[in-house]
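Read through the structure below, which is laid out as C-alpha cells, and then see the notes.
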Number of protein chains: 2
Amino acid sequence: MYKIENEAFVCPMEVTLHILNDKWKMFIVYALLDGPRRFKDICEKFPKITQKTISQKLKELEAAHMVNRVVYPQVPPKVEYSLSETGKRIEPMVKAMFDFGVFYAETYGCVE
Amino acid sequence: MYKIENEAFVCPMEVTLHILNDKWKMFIVYALLDGPRRFKDICEKFPKITQKTISQKLKELEAAHMVNRVVYPQVPPKVEYSLSETGKRIEPMVKAMFDFGVFYAETYGCVE
DNA sequence: CAGTATCCTCATCGATACTG
DNA sequence: CAGTATCGATGAGGATACTG
C-alpha cells in the first residue's frame, strides 16, 4: 500500500497507470524522450490533439513531476517542455511498448 | 506505416496504445499474467469495475488476439480467460511499468 | 508564440435488473 | 456462473474563438 499526495495505491502498476493512463499522455511523454520541445512543436507533432488538450496534459504531467517547463523571457514567448529526471525513467517502459508494437504489427499487420 | 485490420498506424507505439490504452485493459491483462482466470475471479479482483465493463474489455482483448477464452461445457458454466501467446508478450512492458511505479512511489510517496 | 475561455459532443463507464 | 439489457451519468476531449 502506497500513499502519494493523499492518494492511495495498492500496487505499483496502479501508480504508473494513475500518472500515464489516458488517451494522450503516453504519446506526449514519448515525444519528449527525444529531447526538449516547444509547445508549438508538440502541437505540430500531434495535429489530432487540440491545443487545449495538449496544454492540459502538459500541466498534469508537470504536476506529476514528469515534465519540466522552462519559460524563456522573450517576445514572442518561448516555452520549452522536457522530461524531468523522473520522466526519463519511462524509457524502458516506452521501449517495451515500442517493441511490442513492432511484434504485433509484424504478426497481424503489414508494412506499407 | 503499418496497416492492421484496415486501420493505419504511423508508429509501433500507436499500435500498442491502440490495443491497450484505456481505463482498464492494462489492469486486466496484468491480472492474467499470473495464469488463467475465471470470469468471476476477474470480477472479484476488480470490485471497482462493473461486470459489464469487464465483459466488454475481455471481448475487445480477445478480438485483438491478446486473450483466449475457453468455455468448459458444464453446469454451472465455467469460462476461463488467459493470455494468448501474443498477450504474454506484454510481460516486459508490464514489468517496466511496475518498476517505474516502484521508483515513483519511493520518490514521491510513502509505504504504509 | 503560448496559451485561455466557452460551449458542446460523445464515448466510456456505472447501476441495476434480468437470463440461459 | 457468466454473462446481457437498459438506462443514465460524467467528464474527457473537441471546435472555435480570443488574448497577453
Side-chain angles (χ1 to χ4, degrees), chain A residues 7 10 13-14 16-32 35-64 66-84, chain B residues 7 10 13-14 16-32 35-64 66-84:
Chain A
E7 291 210 67
V10 204
M13 267 294 279
E14 218 185 318
T16 303
L17 290 171
H18 178 73
I19 302 170
L20 291 170
N21 202 22
D22 83 353
K23 199 169 171 185
W24 299 120
K25 275 180 197 156
M26 278 301 305
F27 286 106
I28 294 174
V29 290
Y30 175 53
L32 291 176
R37 276 176 183 272
R38 299 181 65 160
F39 184 76
K40 185 191 73 151
D41 297 327
I42 302 175
C43 290
E44 280 171 7
K45 177 147 177 127
F46 301 109
K48 286 182 188 171
I49 322 181
T50 58
Q51 255 191 340
K52 177 198 158 194
T53 301
I54 292 175
S55 166
Q56 179 191 327
K57 295 306 158 187
L58 284 168
K59 263 187 195 160
E60 290 171 20
L61 288 167
E62 199 192 350
M66 296 293 287
V67 158
N68 290 139
R69 178 175 181 272
V70 177
V71 183
Y72 295 83
Q74 60 182 52
V75 180
K78 172 174 168 180
V79 177
E80 244 179 19
Y81 292 92
S82 58
L83 290 185
S84 67
Chain B
E7 290 209 68
V10 204
M13 268 294 279
E14 218 184 317
T16 303
L17 291 171
H18 177 72
I19 302 170
L20 291 171
N21 201 24
D22 83 353
K23 200 168 171 188
W24 300 119
K25 276 180 196 157
M26 277 302 304
F27 285 107
I28 294 174
V29 291
Y30 175 53
L32 290 176
R37 275 176 184 272
R38 298 181 67 161
F39 185 76
K40 186 192 71 151
D41 296 328
I42 302 174
C43 290
E44 279 170 8
K45 177 148 178 127
F46 301 109
K48 285 183 187 170
I49 323 180
T50 59
Q51 256 192 338
K52 177 195 157 195
T53 302
I54 292 174
S55 165
Q56 179 190 328
K57 295 305 159 188
L58 284 168
K59 263 187 195 162
E60 290 171 20
L61 288 167
E62 199 191 350
M66 296 292 285
V67 159
N68 291 137
R69 179 175 181 271
V70 177
V71 184
Y72 295 83
Q74 61 183 53
V75 179
K78 172 174 169 180
V79 177
E80 243 178 22
Y81 292 92
S82 57
L83 290 184
S84 67

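Every chain is numbered from 1 and lettered A, B, ... according to where its sequence line falls, protein lines coming before strand lines.
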Next item on the list: Working to the nearest 0.5 Å, report the span between CG of A:Leu17 and OH of B:Tyr30.
Entry: 10.0 Å
Check: Is A:Arg38 close to A:Val79 at the side-chain level, that is, under 4.5 Å between some pair of heavy atoms?
Finding: no
Margin query: From the set D:dA2, C:dT4, C:dC1, return the single nucleotide nearest to any side-chain atom of A:Pro76.
Written below: C:dC1
Next item on the list: Decide yes or no for B:Glu60 and B:Gln56: does some side-chain heavy atom of the first lie under 4.5 Å from some side-chain heavy atom of the second?
Entry: yes
Notebook entry, point to check: So, do A:Val71 and A:Lys78 sit near enough that their side-chain heavy atoms are less than 4.5 Å apart?
Noted result: no
Margin query: Considering every strand and a 4.0 Å limit on heavy-atom distances, what is the contact class for A:Tyr72: base, sugar-phosphate, or nothing?
Written below: nothing
Notebook entry, point to check: B:Ile54 CD1 to C:dT12 P: how many Å, rounded?
Noted result: 17 Å
Margin query: D:dC1, OP1 or OP2 - any side-chain N/O from B:Tyr81 closer than 4.0 Å?
Written below: no
Notebook entry, point to check: Quick one: A:Lys45 NZ to C:dA2 P, roughly how many Å, whole number?
Noted result: 17 Å
Margin query: Base contacts versus sugar-phosphate-only contacts with protein, heavy atoms under 4.0 Å: please encode nucleotides 13-20 of chain D as B, S and - from 5' to 3'.
Written below: BBB----B
Checklist line | Test item: A:Leu32 and A:Val67 side chains (from C-beta on) under 4.5 Å apart, heavy atoms | finding: yes
Margin query: So that I can compare with my own list, what are the stems of DNA chain D, taken as at least three consecutive Watson-Crick or G-U pairs with distances under 3.5 Å?
Written below: C:1-20 with D:1-20
Notebook entry, point to check: Is there a donor-acceptor contact under 3.5 Å from the side chain of A:Ser84 to the main chain of A:Asn68?
Noted result: no
Checklist line | Contact check, side chains of B:Asp41 and B:Lys45, non-hydrogen atoms, under 4.5 Å | finding: no
Check: Would you say A:Ser55 reaches C:dA2's phosphate, i.e. side-chain N/O to OP1/OP2 under 4.0 Å?
Finding: no
Check: Should A:Ser55 and A:Phe39 count as side-chain neighbours, where that means a heavy-atom distance under 4.5 Å?
Finding: yes
Notebook entry, point to check: So, the side chain of B:Glu14 versus the backbone of B:Val10: is there a donor-acceptor pair under 3.5 Å, distance only?
Noted result: yes
Checklist line | Residues touching DNA chain D, which here means a heavy atom under 4.0 Å, drawn from residues 36-44 of chain A | finding: none
Notebook entry, point to check: Looking at side-chain heavy atoms only, is the closest gap between A:Arg37 and A:Glu80 below 4.5 Å?
Noted result: no
Note to self: For A:Asp22 and B:Lys23: C-alpha separation, side-chain torsions, deciding distance, then whether salt bridge (charged side-chain N to carboxylate O under 4.0 Å, His left out) applies.
What the structure shows: CA-CA 7 Å; A:Asp22 83 353; B:Lys23 200 168 171 188; over 6 Å; no
